[in-house]
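Down below is the structure, laid out as structure tokens.
Since this is a predicted model, take the numbers as computed values, not measurements.
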Amino acid sequence: MIGIQYGITSLLFLLFGFLLMLAMRYQLAHPGQPIPLVGGLMEKALGEDMAKGGVMQADLYNAFGAMHGTIMVFLAIVPLLFGAFGNYVTPLQIGAPDMAFPRLNMASYHLFFWGGAVMLSSFFIPGGAAKSGWTSYSPLATMADSNFINGQTLWLVGMVLLITSSLLGAVNFIATIIQLRAKGMTWMRLPFFVWAQFVTAFLLLLAFPPLEAAGLMQLADNVLGTSFFLPTGLVVNGSKPDVSGGGSPLLWQHLFWFLAHPEVYVLILPAMGIVAEVIANNTRKPLWGYKSLVYAVLSIGFLAFIVWAHHMYLTGMGTKIATFFQTTTMMISIPSVIILTALFISLWGGSIRFNTPMLFALSFLPMFGIGGLTGLPLGFNASDIYLHDSYYVIGHFHYVVAPGTIFGIFAGIYFWFPKATGRMMSETLGKIHWFGSLICMNGIFMPMFIQGLRGMSRRMYDGGATYFGSGVGADPGVLRLNNAITAAAIALALFQLPFIFNFFWSIWNGKKVESDNPWEATTLDWQTPTPPPHGNFATEPVAHRGPYEYSVPGSKKDFTPQGQPG
Amino acid sequence: MEIPYTVKPRPDTGLYNAKVGIWLFLASEVMLFGAFFSAYILLRVGAPEGFWPDVATGWPHGLLNIPIGTFNTAVLIASSVTVVMAWAALKENNFPKFQKFMVFTVACALGFLTIKTFEYNEKFTHYVVRLKDGSAVTGHLNVDGHSPRFWTLQDVEEKKIEALKVEVDVPNKFRFPVGMKIPEAVHEAHKAGKHHEEKEFKVADIASLKAFVPSTATFFAIYFTMTFLHGLHVLAGALVLGYFAFLGRKFWQQHPEQFTNRIEVAGLFWHFVDLVWIFLFPVVYLL
Ligand code: HEM
Ligand SMILES: [Cu+2]
């Protein structure tokens, strides 16, 4: 199954992106000291100018930072949510034998794989990987390196492959959901997870092409010497580069954020879908306000396209335009709050089963809440002028994606593992994993709000030591927090070990499931053989009722599967 | 279980899978070209004054060949009509007629690309020559009777040429950038009603020499990027349609309905490619 291939590949990328971050965290806590364990290896693999004596140099910090962001967003989270869970669960939940275009699905995976390979190879070329942030702002991204084939060029080639992969995936998902729903599976009987995937696919389909266009133009700037994003009168290192000028750096930012804001919803909606499934199943209750959830996710899908410039308040846009984007940004938080509220109310009066997937799903709610609420001050330009590009922003979006989305992913892995393998994962190890992760995630990201509010900028390779040491904003407290964060990050790494062990151990030695439906769930994905064979279903599935008929009064069991007639 | 609706439409949507797929794909293509058109607008509106190719507005006018562009537009529109007729011929069960129309369609596509290649070549051999006194001219070079491609001043110096012959474009309101400082002699040719005037420039007087390539001006950058991307789409369409026209007979005999569906889907793509050009032509050539 391509879903599983996607899952394994992107979990490896997730781990790799995390390791890049660990190395950076070490440098931030102990600027200028060799990185333990891997410092020497890094010097050998990446060269002296990158890691002299095992010490992370500024260029390497920048490269790791840019690649951490890129890998996490485009090679880990999106493929996990969309490629892995989307591919595996969506056809099962709508009662389809496969995706609508299986060969397109394969092509999409290959493009993803090669996109990732190109990204990784860029670490080893002269000059190293891309160093201009995951946002790759021009003209920095064009001027950062002088080699003809440089990290940025490979980044762009990799991105074009990844984007094409996502586009094929999006076409496939939407066509599948429109065309292959089983008999009786009407739109309002779709599980919420499918709705989330549906909207996500539309976001990818329509938001990614502009970044592809921007990527091609930046590629032309880097390789052909054009000036799409290079302004007239550009001066680099005190001299004028030999370019025609006349381009617009702002154009890059518009095209980039036109993708990247919808992209952040791509990162969160499927996780909300997973969490909704897990919550319905473990409260033994229908989701509260299914219809409002559906309409909320649709409005997010629409509004996501008209908020992008809230990332650009500091570019000197006029007050009228800023007002527009502030308004839309406030508007989009309404459906987000509706979803969160509906999920919270769903817990009310349920007889909750506290298993590992549910624990992760439950902690998703407050973590996403913190992430979302801290977004509001960023959405007003008066406060954003102060907060922009500070660690506060880093705290904001990591609360949404790290303890938010990644917890959703963990919930999904623990939840669907028995369907894919026929064995359960260990609950004890799972609970250790959950508890440790929850504490450490907060230990990492909560202090970032404080650092940001005190004026610490993002992307400083010594963690602000020079800046705060120079007496401008002398505040060693902020620097001490760097050490605390790094300690929490290392602890987080240790708490992933039980998960990794659990994952592999359970594939062969986990407790065997006693039926095809170990969680006593209602949706069609649990009415397939375990693991689902080629063609997914043994008999043609038919949906006779809504997706969440739990604890129906008068029925003998506390769940009534969607495929049960009568 | 087999995947349903690969050939027959699903009753409630009225569409077969590939048709849903192609419409979605085209939606993303609209966003792709839409982004380029938006970029075009932003670059043009933000073009700085006081620079070549147009000192007054920062954006050149009349550097592209409008008659040829018009002809190419007609070629694509014709192919759009014939691709529908080919599909209709399949509906009538008439494969030879289908083949005839499809071959014509492919011929149009290739014709379009050939013409475009000539147009590109004309640009690659066309130069802007900036002199050290601050004036500038445009025109083709004359090096042993023809104009080389992609030269820079470096090439001239390497060839040890001392005086460079240029077929200078004589300013007229269509053929020449507005507001450029022009050497005296060229003005006289204009008064005499000529379109070209061969002139020689001492290489020592030349400040820079640049062909009409993407790196020479933002206008060329966006012009070449958009038309090249569109050209790739034309090429892809020609390959797919050509495959059906020449190698489709067997598939048609075995699965006539599926074959007709494929032609319909490919035809939709082809219409889209034409449509992009219908927007591209006025925007980059005329406006
Ligand atoms: C719910 C309401 C939300 C609001 C009002 C909001 C608002 C904002 C604003 C205004 C910024 C720009 C801050 C700056 O650069 O100065 C920002 C940054 C960011 N947000 Fe959110 N956000 C919200 C939810 C989310 C969600 C759900 C995600 C999903 C993952 C997310 C991910 C991000 C990311 C990745 C960035 C930083 C991009 C960068 O500069 O590298 N946000 N947010
Ligand atoms: Cu945003």
Side-chain angles (χ1 to χ4, degrees), chain A residues 95-102 104 167-168 170-176 178-181 186 201-202 204-214 216-217 220-221 224-228 230-233 242-248 250-251 254-255 258-259 534-541, chain B residues 1-6 9-10 12-13 15-53 58-59 128 152 208 210 213-222 224-226 228-229:
Chain A
D98 198 344
M99 299 293 277
F101 309 112
L104 213 58
L167 288 177
L168 297 184
V171 168
N172 210 347
F173 271 73
I174 302 174
T176 304
I178 294 181
Q179 292 288 102
L180 301 195
R181 278 169 294 127
T186 56
F202 265 105
L204 288 174
L205 185 77
L206 301 178
F208 252 142
L211 184 66
E212 187 148 36
L216 291 173
M217 287 192 267
D221 276 4
L224 297 179
T226 55
S227 295
F228 283 111
L230 306 179
T232 302
D242 179 26
V243 293
S244 71
S248 162
L250 271 187
L251 175 60
H254 279 298
L255 292 174
F258 186 83
L259 157 88
H534 188 75
N536 284 348
F537 290 86
T539 53
E540 195 189 323
Chain B
M1 269 170 75
E2 288 288 302
I3 299 174
Y5 314 119
T6 45
R10 179 181 164 113
D12 59 351
T13 61
L15 302 165
Y16 50 87
N17 294 346
K19 203 154 164 185
V20 177
I22 193 75
W23 277 113
L24 292 167
F25 174 70
L26 292 184
S28 89
E29 291 273 277
V30 166
M31 294 305 289
L32 180 69
F33 281 98
F36 277 111
F37 278 108
S38 316
Y40 178 93
I41 294 170
L42 220 116
L43 289 172
R44 179 164 177 170
V45 169
E49 290 171 19
F51 288 89
W52 194 85
W59 203 256
V128 52
T152 60
S208 83
K210 281 186 173 148
V213 292
S215 60
T216 299
T218 316
F219 167 75
F220 288 122
I222 190 90
F224 278 113
T225 309
M226 289 175 88
F228 184 71
L229 195 71

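- The candidate with the highest count of non-hydrogen atom pairs below 4.5 Å against chain A, out of B:Tyr5, B:Phe224, B:Phe36, is B:Phe36.
- B:Asp12 meets the side-chain contact (heavy atoms from CB on, under 4.5 Å) test with A:Arg181, B:Arg10; sequence neighbours excluded.
- Nearest heavy atoms, B:Ala39 versus B:Ile222: CB-CD1, 4.2 Å.
- Contact of A:Met99 with chain B is made through the backbone alone, with heavy-atom distances under 4.5 Å.
- For A:Phe208, no part sits under 4.5 Å from any heavy atom of chain B, backbone or side chain.
- Annotation: maximal heavy-atom pairing with chain B below 4.5 Å, among A:Ile174, A:Leu224, A:Leu167, occurs at A:Ile174.
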| message | Run A:Asp221 and A:Val243 through side-chain contact (heavy atoms from CB on, under 4.5 Å) and show every step you take. | response | CA-CA 9 Å; A:Asp221 276 4; A:Val243 293; over 6 Å; no

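- Looking at B:Glu2, the atoms closer than 4.5 Å to chain A (heavy atoms on both sides) all sit in the backbone: N, CA, C or O.
- Minimum heavy-atom separation, A:Asp98 to A:Thr176: O-CG2, 4.0 Å.
- For A:Leu255, the part lying under 4.5 angstrom from a heavy atom of chain B is the side chain only.
- Both the backbone and the side chain of A:Val171 come within less than 4.5 Å of a heavy atom of chain B.
- The heavy-atom pair separating A:Asn536 from A:Ala96 by the smallest distance is ND2-O, 2.9 Å.
- Of the listed residues (A:His534, A:Met217, A:His254, A:Glu540), the one with the most heavy-atom contacts under 4.5 Å to chain B is A:Met217.
- Heavy atoms of A:Ile178 lying under 4.5 Å from chain B belong to its backbone as well as its side chain.
- If you tally non-hydrogen atom pairs under 4.5 Å between each of B:Thr6, B:Ile22, B:Thr13 and chain A, the highest count goes to B:Thr13.
- The two residues A:Thr232 and A:Gly245 have their closest heavy-atom pair at OG1-C, 3.8 Å.
- Interface residue B:Ile3: backbone and side-chain heavy atoms are both found under 4.5 Å from chain A.
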| task | Run the numbers on B:Ser28 and A:Leu205 for side-chain contact (heavy atoms from CB on, under 4.5 Å), then give the verdict. | result | CA-CA 6 Å; B:Ser28 89; A:Leu205 185 77; 3.7 Å; yes

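- Side chain of A:Gln179 to backbone of B:Pro4: no donor-acceptor contact under 3.5 angstrom is found.
- The contact between B:Lys210 and chain A is made entirely by side chain atoms (from C-beta outward), counting heavy-atom distances below 4.5 Å.
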